[in-house]
Number of protein chains: 2
Amino acid sequence: MAGIDDVARRAGVSTATVSRALSGRGPVSTATRDRVLAAAEELGYVVSAAASSLATGRARAVGVVVPFLDRWFFSTVLAGISDALVREGYDITLYSVSADPAERRRVFEDHLRRRRIDAVVTIAIEMDAAESALLRSLGVPVVSIGGPNPLLTTLTVDDRAVGRLATEHLIALGHRRVTHIGADTTTNAASSVPALRRLGFTETMDAIGADAVFEPADFTIEGGSAAATRTLSGDVPPTAIFAASDEMAIGAILAARELGLRVPADVSIIGVDGHELGRWFGLTTVDQFARGQGERAAEAALAELDGADPAPGLGTLPFELVDRGSTGPVDVSRR
Amino acid sequence: MAGIDDVARRAGVSTATVSRALSGRGPVSTATRDRVLAAAEELGYVVSAAASSLATGRARAVGVVVPFLDRWFFSTVLAGISDALVREGYDITLYSVSADPAERRRVFEDHLRRRRIDAVVTIAIEMDAAESALLRSLGVPVVSIGGPNPLLTTLTVDDRAVGRLATEHLIALGHRRVTHIGADTTTNAASSVPALRRLGFTETMDAIGADAVFEPADFTIEGGSAAATRTLSGDVPPTAIFAASDEMAIGAILAARELGLRVPADVSIIGVDGHELGRWFGLTTVDQFARGQGERAAEAALAELDGADPAPGLGTLPFELVDRGSTGPVDVSRR
DNA sequence: CTGTTAGCGCTTTCAT
DNA sequence: ATGAAAGCGCTAACAG
């Protein structure tokens with residue numbers, strides 16, 4: 001593979017000039033530039049990432065840390081990040097951290113510290129103070145999506161407000177017996193996404209003096225289905241379910257059908273996400289524009305890289321209620 | 001951030017010794033090794049990827065090229081790749097190539113050639129001879145999943161056999177009027193995954209003298225739904241549908257319901273993939289174990305890196321019919 | 001505008 | 001078993 005001095009020789013200039021011509025940094029006469037470009041083109045020369053990175057300190061790559069690759073929300077956000085990064089010529093290095101603590105340590109203490117990336121974006125990774133500090137110590141911009149983290153630049157939807165919005169929607173339809181399906185909060189920080197959604201739910205229910213019933217699940221269709229089955233089979237079944245994700249909401253719809261209940265006539269169901277599948281289930285949801293989140297996070301990271309101030313505190317992301325019919329007025333006879 | 005000479009100083013040895021101790025290559029006395037390890041640990045030292053890569057020619061990263069990030073099959077294969085790579089301490093660099101030809105060129109001619117990766121895995125990327133040659137010229141192992149490519153090491157299921165298996169399953173149930181929903185083959189190479197599935201279908205139908213009806217769609221739920229609606233609304237609607245992906249098959253099930261048809265009583269439907277959602281639709285499918293494909297591809301790439309012979313021709317991946325009830329005997333009155 | 005010359009932070013002979 | 005020193009392939013002063 002051709003190196004920079006092959007190009008220099010062919011263009012009849014020094015390697016320094018080649019570097020300047022190719023990078024666009026530093027003065028080069030138009031004539032030389034053209035010769036260099038032509039020579040590079042002919043030789044199929046591309047700058048070596050390692051050499052360039054070592055010399056400049058820039059890697060032209062950003063790291064993305066995700067807990068799952070094969071769940072809709074994460075792959076969708078990732079797609080958004082990728083879009084934004086490709087546009088700017090950056091590569092993306094993927095760090096998938098599983099639940100295994102040893103592996104997680106390796107990612108944080110080894111892989112992320114190899115100085116291979118110019119910035120990092122984390123997607124819904126709940127970090128303790130040590131991990132946050134570790135990211136900070138990388139000396140590169142860090143943008144976190146999901147779950148406000150006072151120690152980092154964060155881009156997040158106001159999940160408490162999301163919880164309120166969904167709950168208020170149900171209350172406005174006359175529902176008073178509502179079950180919230182979400183992640184078991186004891187294993188999550190109080191500021192985590194699931195915890196905030198639940199808080200929004202609880203405070204809204206409290207405000208009208210209604211019971212804030214909770215049923216834990218694991219953010220999958222299966223988990224949502226199981227949780228919905230439990231709550232709908234109880235002594236005093238809810239007239240509505242607010243699931244903290246669309247996947248769980250879809251599981252709830254499937255469970256309701258299984259139990260012979262009509263949606264929304266017998267039970268209203270609302271989710272959160274804007275999952276593409278929701279359309280096919282007529283699922284009412286609070287859309288959070290996942291792909292856009294990814295793009296914005298990537299752009300924020302690059303902006304900070306270009307010297308912009310780290311986003312002031314937390315950037316707030318939009319969300320929106322999308323009514324597709326899986327929620328409706330409570331059946332008065334069941335209230 | 002600490003560098004290698006910080007560690008050397010602290011351990012009271014030369015940088016050469018530090019390098020040897022940390023990499024495990026070359027002789028180091030146990031005592032010194034321990035001192036070095038301790039010093040590195042205390043300083044939180046991690047080898048710089050750029051410097052190491054420049055010196056050794058190894059980047060400890062593999063590139064993964066995908067056409068989509070946010071579709072089930074791709075994100076699932078990617079998850080499998082990630083699992084295998086993380087185990088071995090490799091980073092993964094993601095190259096998402098969209099339909100835009102200019103962007104595609106940039107990925108192939110620039111990004112992939114930055115010498116940032118020790119191997120590349122492509123997932124269902126159809127490449128022409130030039131692109132294949134370009135990958136070869138990288139001088140690193142290349143493993144391609146999906147679509148036999150004589151120019152590259154390929155890991156692929158026998159999609160023609162998959163097409164036959166699905167079709168034979170329907171024929172065994174008595175179906176003679178079957179529509180195949182797949183990608184418009186005119187825009188795909190004859191050896192592409194969709195083309196081979198269709199070929200398996202066509203030859204099997206031909207063998208029993210039945211019409212091989214085809215309806216094009218784009219591998220999404222929406223596309224499958226539209227295609228199914230068209231074929232089921234025709235003059236002589238099929239008694240069975242074989243969709244080339246589970247997403248399209250699910251779309252077909254939804255379309256059938258919409259038309260008031262029962263599955264499988266009125267129309268049998270079979271897909272291909274093993275999509276997790278299939279369970280919830282009782283979808284019969286030919287599972288191709290996507291996650292396992294990713295792991296095997298990554299392992300093959302690493303093996304080749306370690307000097308193993310490039311996989312002999314093509315590696316063949318397993319597949320299996322999973323009957324979940326969306327196919328059944330043809331209604332004799334409709335035959 | 002262009003060339004010369006130090007590095008960037010490691011790894012790897014080659015000596016010792 | 002260890003150290004000195006020469007690169008790996010580029011970039012960034014610094015001269016000119």
Side-chain angles (χ1 to χ4, degrees), chain A residues 1-37 39-40 43-61 89 91 110 113-118 138-140, chain B residues 1-37 39-40 43-61 89 91 110 113-118 138-140:
Chain A
M1 253 188 182
I4 196 173
D5 16 50
D6 296 316
V7 180
R9 210 168 305 130
R10 178 159 195 136
V13 297
S14 71
T15 61
T17 299
V18 173
S19 178
R20 284 190 285 254
L22 259 29
S23 70
R25 280 183 296 248
V28 185
S29 78
T30 324
T32 4
R33 158 171 293 114
D34 290 348
R35 283 217 316 290
V36 172
L37 260 38
L43 295 170
Y45 171 75
V46 174
V47 174
S48 148
S52 175
S53 166
L54 189 54
T56 61
R58 291 297 191 101
R60 286 201 82 69
D91 287 344
D110 268 29
R113 297 170 60 108
R114 291 182 179 169
R115 301 233 250 349
R116 166 167 289 176
I117 50 186
D118 296 330
L138 256 29
V140 303
Chain B
M1 252 188 184
I4 196 174
D5 17 51
D6 296 317
V7 180
R9 210 168 305 130
R10 177 155 196 142
V13 296
S14 71
T15 61
T17 299
V18 173
S19 178
R20 283 191 285 253
L22 258 30
S23 69
R25 279 182 298 248
V28 185
S29 78
T30 323
T32 354
R33 160 171 293 115
D34 290 349
R35 284 217 315 290
V36 171
L37 259 37
L43 295 169
Y45 171 73
V46 174
V47 174
S48 148
S52 175
S53 165
L54 189 55
T56 61
R58 292 297 193 103
R60 285 201 81 70
D91 286 343
D110 271 29
R113 298 169 58 106
R114 290 181 180 170
R115 265 123 65 280
R116 166 166 291 178
I117 51 187
D118 296 330
L138 256 31
V140 304

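Because the structure is predicted, anything quoted here is derived from the model rather than measured. Protein chains get the first letters and strands the later ones, always in sequence-line order, with residue 1 at the start of each.
- Nearest to the side chain of B:Thr56, among C:dC1, C:dG9, C:dT11, sits C:dT11.
- Salt-bridge formation is not detected for the pair B:Arg60/B:Asp118: no Lys NZ or Arg NE/NH1/NH2 atom is positioned less than 4.0 Å from an Asp or Glu carboxylate oxygen.
- A donor-acceptor distance shorter than 3.5 angstrom exists from the side chain of A:Arg35 to the backbone of A:Ala11, with no hydrogens or angles considered.
- Among the protein residues, B:Val13 comes within range of the sugar-phosphate backbone only, with heavy atoms under 4.0 Å from sugar or phosphate atoms but none that close to a base.
- Residue B:Asp5 contributes atom CG, which lies 7 Å from atom P of C:dC10 at whole-angstrom precision.
- The backbone N or O of B:Ser19 sits less than 3.5 Å from a side-chain atom of B:Ser23, completing a donor-acceptor pair.
- Residue B:Val47 has its side chain nearest to C:dT11 when only C:dC8, C:dT11, C:dC1 are considered.
- Read 5' to 3', the first and last nucleotides of DNA chain D with an atom closer than 4.0 Å to a heavy atom of chain A are D:dG9 to D:dA13.
- Atom CZ of A:Arg20 is separated from atom C1' of C:dG3 by 7 Å (rounded to the nearest Å).
- Heavy atoms of B:Thr32 sit under 4.0 angstrom from primed sugar atoms or phosphate atoms, though from no base atom.
- Of the candidates C:dC10, C:dT2, C:dG3, C:dT2 carries the atom nearest the A:Ser29 side chain, counting heavy atoms from C-beta on.
- When the C1' atom of C:dC10 is taken as reference, atom CG of B:Asp6 falls 13 Å away, rounded to whole Å.
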